[in-house]
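Written below as structure tokens is the structure these notes are about.
Quantities reported herein were computed from a predicted structural model and do not represent experimental measurements.
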Amino acid sequence: DSGGEATDDDGITVVLFGDAEEIAGYRSMIDAFAETNPDVPVTLSPVATQDELMARLTTSFAGGQPPDVFLLNYRRYGQFAAQQAIEPAQSYLDRSTTLKESDFSPRALDAFRYDGKALTCLPQNMSSLVVYYNADLFAKAGVPLPKAGWTWDDFLAAARALTGDGRYGVGVEPSIPRLAPFVWSNRGDLVDDPARPTALTLTGNPAARKAVDWFLDLQLKHHVVPPDAEEQSESSEARFLRGTLGMYLNSRVAVPTLRTIDGFTWDAAPLPVAPGGVPASILHSDAYCMSAGAPDHDRAWRFIEFAMGEQGQQILAGSGRTVPSRLDVANSPTFLDPQEPPRSSRVYLDAEPHLRATPRTGTWSRVEREAGALLEEVFYGRVDREEGLRTLEEKINPLFNLPVGAGG
Amino acid sequence: MGEHGAIRLESLTRSYGRVVALDDVDLEVRAGEMMTLVGPSGSGKSTILRLIAGLDRPDGGRILVDGQDVSQVPPHRRAVAMVFQDFALYPHLTVLGNLLFGLRVRRVRRDEADRRARSAAERLGIGDLLDRYPDQTSGGQRQRIALARALLREPTVYLLDEPLASLDAPLRFATRADLLALHRDLGTTTVHVTHDQAEAMTLGDRVAVLDRGRIRQVGPPQQVYDEPADMFVAGFLGSPPMNLVPGGAVLGGSRGLILGIRPEDLTLDVDGSIEVTVDVVEALGSESILLTRGADGTRLTVRAGPRCGARPGETVRLRPNPDRVHHFDAETGRRR
Amino acid sequence: MGEHGAIRLESLTRSYGRVVALDDVDLEVRAGEMMTLVGPSGSGKSTILRLIAGLDRPDGGRILVDGQDVSQVPPHRRAVAMVFQDFALYPHLTVLGNLLFGLRVRRVRRDEADRRARSAAERLGIGDLLDRYPDQTSGGQRQRIALARALLREPTVYLLDEPLASLDAPLRFATRADLLALHRDLGTTTVHVTHDQAEAMTLGDRVAVLDRGRIRQVGPPQQVYDEPADMFVAGFLGSPPMNLVPGGAVLGGSRGLILGIRPEDLTLDVDGSIEVTVDVVEALGSESILLTRGADGTRLTVRAGPRCGARPGETVRLRPNPDRVHHFDAETGRRR
Amino acid sequence: MTSDRGRKPLTAWAFLAPYAVAVGLLIAVPALLNLGYAFTDHTGLTRDPQFVGLSNVRRMLDDGFLLDSVRASAIHLALAVPLRLLAAVGLGLLLAAPRPGGRWFRVAVYLPTVVPDVALAVLFLWVLNPLYGPLNQLLGLFGHSGFTWLSDPGTARVGVALMLMFPIGEGFLVVLAARRMLDGRLYEAAALEGCGPFGQLRRLTLPLLAPVLLLLAVRDTILTLQVNFVPAYVLTDGRPSNATLYLPVYIFDQAFEFSGFAYGALITSVLMVVTAIVITALLLVVRRWRVLR
Amino acid sequence: MRPEGTVIPRFIGRFVVPALFATLFAAPLWFMVAGSLRPAGEPPPRTLELLPPDPSLAAYARLPELIPLFRYLANSALVVAIAVPVTVVVASLTGFGLRLLTPTARRRAVLGLLAVLLVPVTAVWATRFELFRLAGVVDTYVPLLAPALLAGSPFLVLLYAWAFGGVPDSQLGAARLEGAGWLTIWRRVALPQVRPATLAVAVLAFTFHWSNLIDPLLYLHSGDRYTYPLGLQFLRLLNPTDWPLLMAGCVVATAPCVVVFLLAQRILLNDDPLAALRSGGRR
Ligand SMILES: Nc1ncnc2c1ncn2[C@@H]1O[C@H](COP(=O)(O)OP(=O)(O)OP(=O)(O)O)[C@@H](O)[C@H]1O
Ligand SMILES: Nc1ncnc2c1ncn2[C@@H]1O[C@H](COP(=O)(O)OP(=O)(O)OP(=O)(O)O)[C@@H](O)[C@H]1O
Ligand SMILES: [Mg+2]
Ligand SMILES: [Mg+2]
């Protein structure tokens with residue numbers, strides 16, 4: 001009974017995560033799969049949060065009965081891949097008659113090449129970090145609307161103009177994934193070696209340090225970001241919904257929520273570019289993985305083929321929540337539907353060539369989390385900037401060198 | 001002493017739901033007196049004590065202590081000490097702790113309190129139990145602890161709710177004497193509840209007989225015993241109880257009357273006027289009780305000497321003491 | 001009847017931790033006999049009943065019923081019925097439910113069980129209580145329910161653990177007679193525990209007196225009363241207890257002896273040999289108890305007639321009945 | 001003692017047998033297995049853990065996060081257990097006495113216990129809201145400018161403890177029931193000795209309830225150390241600066257989030273030892289209460 | 001009758017103070033209900049309203065569209081329907097066993113229970129999976145009954161032992177002598193007398209099993225066997241504008257527990273427990 005679901009021996013179990021609406025989307029996709037593949041019964045096994053996903057996966061892997069297919073965020077898949085818990089997907093994709101590697105966003109695929117070459121999992125989406133803005137506020141403040149290629153200075157000027165009167169210019173959560181694109185845009189890097197990172201380079205690398213300071217200054221110097229108490233009183237998202245936040249940085253995930261806005265016009269814009277820098281954004285992606293060890297992965301692969309195929313991707317794109325990793329679907333009206341805001345859905349696709357991913361080592365998810373917590377301390381001025389950044393690196397760097405699974 | 005603690009109950013009423021526990025009770029306890037309350041189970045004896053203590057409030061009527069209406073005084077402000085039937089010792093405290101409890105509450109200095117507790121314990125012969133917990137003492141010892149605790153309160157009124165009920169006969173006999181001596185020493189007004197015939201007769205200056213929330217008779221014990229005010233009192237006091245015979249039967253008397261005679265007032269006498277058959281002889285050692293039956297079926301209990309010689313089935317003759325035949329109205333039950 | 005249920009206890013021993021509850025007890029109860037166990041609290045009376053019932057196991061010794069060793073028989077296979085001191089009625093069942101419980105457990109058919117329960121209830125006069133719950137009945141009624149339940153078991157042995165202890169005097173007197181009548185009817189072997197003097201004297205064919213886990217004396221009640229085997233038995237049976245006086249004092253006798261005389265064997269007599277001062281007169285109505293003190297401080301209790309006329313402080317003379325003076329060894333306490 | 005003695009105890013053990021089997025299978029075996037994993041390199045994702053001796057222990061000894069976590073748990077214990085006990089006992093005693101409508105008061109106090117953790121956390125996000133939250137507004141009445149509750153380690157800990165003061169239904173129920181078992185006569189005796197209501201509380205109720213209070217304290221200590229982290233997890237998720245990174249949270253993260261299955265198992269054992277020490281200390285401190293009579 | 005001076009403090013002590021606390025503790029539930037009545041799609045309120053301006057039940061109507069609400073609820077009900085009786089039986093059997101032990105043995109058993117209580121839940125989550133897999137019961141409801149086989153917690157066993165302590169030895173002996181075996185005595189003599197304890201255990205067990213999230217999460221795999229708490233999690237990550245949905249989900253989760261507590265407390269916390277037992281709580 002190694003691998004595979006013991007209870008129905010000819011079916012497969014698929015573990016997915018998402019909120020109620022996303023799960024409903026997956027459910028209809030699986031229904032569609034069942035129609036065309038009646039011989040492969042699928043047991044849908046959804047969980048809500050990524051924490052729960054990890055608990056579910058660890059328990060079932062440790063207990064010797066992992067699911068056939070599971071959805072994994074690329075920030076976490078490193079620790080699975082590092083232990084060969086995943087059946088690499090490359091050979092299956094190579095042999096596939098329905099899927100071609102070129103159908104997909106190369107940036108998304110690259111994120112799931114654990115050793116840099118062979119594809120481990122197949123990413124189903126590729127969201128990027130963008131700037132949502134309140135067009136009415138921009139008009140009122142007389143600031144030009146953001147457009148592709150705008151710079152940090154334009155961004156800051158707009159933010160300043162929008163701040164005041166109980167309103168704030170920017171809402172952004174202080175975390176590594178939010179900070180990373182700014183660092184990259186300034187031609188810096190988060191870590192010493194993206195393939196085999198051993199330390200954060202937020203202070204050591206001058207370009208990175210400049211980006212970090214610019215990011216921190218939004219709060220600490222320019223006060224265009226809601227301060228600690230304000231942010232805790234009302235999240236940036238709620239603030240934006242209420243029309244008292246000029247710009248809000250988030251990925252495609254926010255769109256369904258933002259679509260409930262009817263008091264003002266809003267749209268999405270690409271991230272500003274550092275002066276003299278390059279456009280950059282960060283990849284948000286989840287991929288289908290097959291658990292290693294099962295004698296036979298054919299059924300699991302058939303499911304993935306369907307989910308990654310045009311029909312599967314269309315169904316999911318319907319929710320508006322994700323950016324399909326299949327370029328043909330992403331460029332189709334299903335995704336770019338002009339009737340639904342944001343009007344500039346193209347910015348997600350335009351960002352695709354500039355997408356970068358954070359490292360995929362076994363301990364990355366831990367690094368990201370602990371670093372985020374410490375960054376927050378600095379961002380809100382709870383600790384001194386220099387002191388805080390130094391502690392951050394001091395505390396985080398040892399984590400890189402731990403073997404997977406070894407504690408602190 | 002003896003000047004304080006006069007209690008007056010004025011038309012006290014108390015009901016629990018539909019149960020009328022006390023029904024218009026008037027009672028006066030003189031300062032320094034020991035008053036005994038007797039009555040069947042549920043007749044309201046404990047209720048009276050609880051009302052005097054303030055643990056319960058009357059529905060109607062007043063309670064006066066030394067002429068003062070005390071209805072508004074909460075129990076912890078009344079100078080009343082009560083010994084509960086089950087003693088209500090604090091299980092989490094040693095015997096000494098139990099005795100000290102009240103003193104400490106009243107902020108007596110620690111060494112002074114200790115001295116007083118020890119002397120009270122000595123007085124009641126429990127000086128060597130002070131370090132035990134209540135559940136490590138016997139029933140008789142607990143009773144003394146409860147008494148010692150009450151003594152330390154130095155109250156104007158003692159309330160004792162069946163304090164001897166859980167002791168066995170020899171112990172009960174001994175403690176009864178102690179209680180009497182104590183009351184004589186202190187002269188504090190005491191109200192005392194009992195089920196026990198002997199206690200009722202010996203412990204109180206006066207006895208009040210209760211039945212279903214009403215007082216039937218109050219008076220010195222011997223008087224109540226000798227001249228019961230009604231059939232209830234006649235039947236309740238005395239063990240075995242008084243023989244009650246319809247008028248016109250073996251004891252004579254007219255119809256509409258009930259005649260009563262106590263077992264000790266019937267004597268075995270070959271010239272006796274009543275012929276009966278002996279059903280049962282209960283030889284109690286110190287005396288014998290004959291359960292007999294007359295020709296007309298009337299049952300008569302007779303108290304005879306320890307070795308009276310009568311045998312079950314035998315026919316004997318009884319002589320009633322004519323001075324001691326009681327007459328009751330068959331309708332009202334009242335003494336005539 | 002009467003042929004079954006002979007019980008033999010052979011050198012029974014039972015300890016609870018360091019407490020020796022029974023210490024080498026031998027006792028024979030004849031078939032059909034009623035045996036009464038008396039003794040102070042904690043002397044092991046209940047333990048004997050529990051061992052006979054099989055609710056507890058002896059540490060050593062054997063229990064034979066009709067000659068059969070029953071140690072291996074679990075209680076529910078022994079044909080034994082027990083009435084507990086607290087009656088042990090099931091509070092969650094009605095009276096009828098209480099009576100039916102055992103029958104239903106023994107798989108008697110429902111209508112048959114019902115019939116039998118009702119007839120037992122009728123027999124004990126509780127036929128109209130069947131729908132009440134135990135706590136809605138009086139002490140006397142509960143006692144009958146417990147008896148009825150025991151009757152339904154149709155046992156070869158009845159074990160009664162202080163069945164009358166919680167009743168008040170008039171009720172106890174009445175129920176005592178019922179119990180006797182029942183035993184006479186059924187003729188089933190019965191072992192009966194009591195604290196009560198009168199019960200001990202009247203209910204049993206024989207009495208066994210226990211003290212600290214040992215049997216002190218077994219015999220017909222009157223015999224035990226009249227010829228107590230030792231000072232303990234002498235002091236325990238009889239209320240007020242026997243006067244025990246060191247040899248050489250008021251009652252004469254030699255040193256090394258203790259002399260005993262029962263209060264009823266001392267008579268007030270102006271020619272009496274003993275001069276005493278009356279301390280207390282307890283007028284019990286039907287008799288009086290005089291607590292007196294001799295010139296040498298010897299205390300003597302005297303039982304006198306109801307209206308004996310003695311007053312506290314008075315000096316009276318007592319005449320002991322010389323035939324009824326008991327002699328005990330001062331060392332061993334044994335009768336001489 | 002002969003072998004056939006004590007049929008009753010034998011029966012008693014027979015009644016305990018099913019439970020013992022369940023404990024053996026569902027607790028003892030898994031817990032021992034878990035303890036075994038503590039000395040391997042098990043990540044939870046593979047099936048062939050290798051024995052690595054004490055290397056996990058060595059890592060543990062210089063794990064700064066673990067230190068934070070132990071500190072967070074210790075402070076949490078010191079804050080939450082007294083608060084929760086105080087609330088459960090206080091309310092249990094306050095509401096035990098029969099009174100008209102008393103039932104509804106009791107229901108109200110029990111309610112937060114059945115409210116899902118998420119809802120409670122969401123509510124507390126509002127209660128602790130630095131600008132609009134009632135707590136800061138209350139402080140404002142006293143001229144205090146209020147706190148940014150969840151950004152300061154100290155106030156965040158207090159906030160979590162405050163939140164956990166609400167789901168106290170179990171303890172509350174037990175105190176209610178226990179208070180009702182106390183003999184009313186003792187209170188009457190005390191009143192007649194001149195003991196007022198406060199004295200009765202201090203000298204009777206609390207000492208008499210000591211065994212139950214101890215049981216509750218033990219249970220709450222265990223709950224607080226080991227289980228009660230879910231609402232805190234939702235509310236703060238370890239923030240800020242690991243101030244609320246309680247041991248179970250850290251274990252959960254290690255075992256499930258970071259593939260530190262073996263390491264998580266080791267800390268679990270540490271947690272158990274810590275709990276046992278705390279409980280033993282508790283039992284020793286209150287030994288003279290005669291609670292284990 | 002009584003002077004003013006005593007009436008008012010008594011009133012405050014007996015009613016005002018308890019009412020204040022009751023309000024405080026009822027507040028979470030109230031705000032949950034109020035939150036669930038907000039019309040969906042509006043930005044979250046900055047303050048918590050006592051009652052939304054125009055309350056609507058839309059959130060409740062949307063729940064079944066988002067998650068298989070009724071299936072989850074039915075699954076939960078099934079689990080609870082099995083688990084609660086099992087908990088009660090195991091806890092009461094074990095508690096009865098403790099009651100029958102001699103004091104020394106009981107003390108030892110209690111210490112053993114304490115040791116069981118000490119084992120952190122995290123120690124057994126993942127390792128139990130192995131056992132369940134070997135038994136072939138992963139993805140069935142059997143693992144969800146495991147806590148029931150453990151009587152929920154040793155605490156409930158102790159609760160029962162404590163309650164059975166009130167059944168006097170003499171009653172057990174009497175039943176024994178009437179021919180009842182120990183199981184009969186447990187079922188027909190002891191259990192009926194501790195109904196308040198049974199109810200307390202049942203309420204606590206209901207609450208536990210009804211809101212048990214971790215066991216279904218770890219051991220249930222088929223989405224259509226999920227219990228409600230898992231379903232509730234799916235609402236947690238919805239947008240802030242969908243908060244009414246989350247609150248409605250929480251209300252749905254809470255309601256059965258409240259109802260069960262209300263039903264039970266008529267007997268459990270009745271001012272005259274004996275009378276309430278007899279009337280079966282009807283008054
Ligand atoms: N708290 C109470 N609630 C309801 N009824 C009560 C209460 N206290 C007493 N009663 C009832 O009031 C009546 C009188 O009770 P009380 O305790 O005064 O009797 P008693 O004479 O002391 O009886 P006993 O000799 O059995 O102690 C009884 O019928 C009793 O059932
Ligand atoms: N289960 C027990 N555990 C410990 N000691 C016990 C137990 N049962 C009885 N004892 C002790 O054994 C002795 C004899 O007890 P038993 O109950 O037989 O006395 P008894 O003569 O019936 O007393 P009473 O008249 O008070 O009922 C007592 O000292 C008692 O404390
Ligand atoms: Mg009374
Ligand atoms: Mg006994």
Side-chain angles (χ1 to χ4, degrees), chain A residues 2-3 50-64 66 76 78-86 227-235 291-293 362-367 369-370 372-374 376-377 380-383 388 391 394-395 398-399 402-408, chain D residues 33 37 40-47 49 52 55-56 58-60 62-69 125-126 128-133 136 145-153 233-234 237-243 245 250-264 266-267:
Chain A
S2 56
Q50 300 215 27
D51 291 350
E52 290 173 6
L53 175 80
M54 294 303 286
R56 162 77 62 84
L57 289 179
T58 307
T59 319
S60 54
F61 270 98
R76 291 175 191 265
Q79 68 204 60
F80 283 78
Q83 299 167 74
Q84 284 90 43
I86 303 175
D228 209 352
E230 286 285 350
E231 178 69 25
Q232 275 188 38
S233 303
E234 189 177 14
S235 70
S291 49
T363 55
W364 179 253
S365 62
R366 174 122 202 244
V367 167
R369 196 167 113 177
E370 310 292 8
L374 293 167
E376 185 183 306
E377 299 281 296
Y380 287 117
R382 293 176 207 155
V383 295
T391 347
E394 263 169 24
K395 277 194 137 176
L399 297 181
L402 288 174
V404 174
Chain D
L33 208 61
Y37 283 143
T40 65
D41 63 355
H42 198 22
T43 60
L45 298 184
T46 49
R47 294 277 295 151
V52 294
S55 83
N56 283 330
R58 249 172 271 124
R59 281 209 194 94
M60 186 179 83
D62 47 36
D63 179 354
F65 289 93
L66 178 63
L67 215 61
D68 286 349
S69 181
L125 279 175
W126 169 71
L128 301 177
N129 186 311
L131 296 186
Y132 317 117
N136 270 358
S145 58
F147 299 101
T148 315
W149 288 92
L150 298 180
S151 29
D152 178 72
Y233 198 66
V234 179
D237 192 14
R239 285 168 300 142
S241 39
N242 295 340
L245 182 70
Y250 191 55
I251 292 173
F252 187 94
D253 284 350
Q254 282 296 343
F256 296 134
E257 296 275 290
F258 308 137
S259 296
F261 195 89
Y263 192 63
L266 182 65
I267 313 177

Next on the checklist: Taking side chain as everything from C-beta outward and backbone as N, CA, C, O, which of these in A:Gln232 sits under 4.5 Å from a heavy atom of chain D? Side chain, backbone, both or neither.
Outcome noted: both

Next on the checklist: Nearest 0.5 angstrom please: A:Met54 CE to A:Phe61 CZ, how far?
Outcome noted: 9.5 Å

Next on the checklist: For D:Leu131, which atoms come within 4.5 Å of any heavy atom of chain A: side chain, backbone, both, or neither?
Outcome noted: both

Checklist entry - With respect to chain D, which residue among A:Arg382, A:Glu377, A:Glu376, A:Lys395 yields the maximal number of heavy-atom pairs within a distance under 4.5 Å? => result A:Arg382

Checklist entry - Can A:Asp228 and D:Thr148 be counted as having a side-chain donor-acceptor contact under 3.5 angstrom? => result no

Item to check | Top contributor to chain D contacts, counting heavy-atom pairs under 4.5 Å, from A:Ala229, A:Ser60, A:Gly63, A:Ser365 | outcome: A:Ala229

Item to check | Side chain / backbone / both / neither for A:Gln84 at chain D, heavy atoms under 4.5 Å | outcome: neither

Next on the checklist: For the backbone of D:Thr40 and the side chain of D:Asn56, can you confirm whether one donor and one acceptor N or O come within less than 3.5 Å of each other?
Outcome noted: yes

Next on the checklist: Does any backbone or side-chain atom of A:Arg76 lie under 4.5 Å from a heavy atom of chain D? Answer side chain, backbone, both or neither.
Outcome noted: side chain

Item to check | Pairing residues for D:Phe147 by the ring-ring contact (aromatic ring centres under 6.0 Å, His included) criterion, not counting sequence neighbours | outcome: D:His144, D:Trp149

Next on the checklist: Measuring from atom NE2 of D:His42 to atom OG1 of A:Thr58, what distance do you get when rounded to the nearest 0.5 angstrom?
Outcome noted: 9.5 Å

Item to check | Spatial distance of atom CZ (A:Arg366) from atom CZ (D:Phe65) [nearest 0.5 Å] | outcome: 5.0 Å

Checklist entry - Is it the backbone or the side chain of D:Asp253 that comes under 4.5 Å from a heavy atom of chain A, or both, or neither? => result side chain

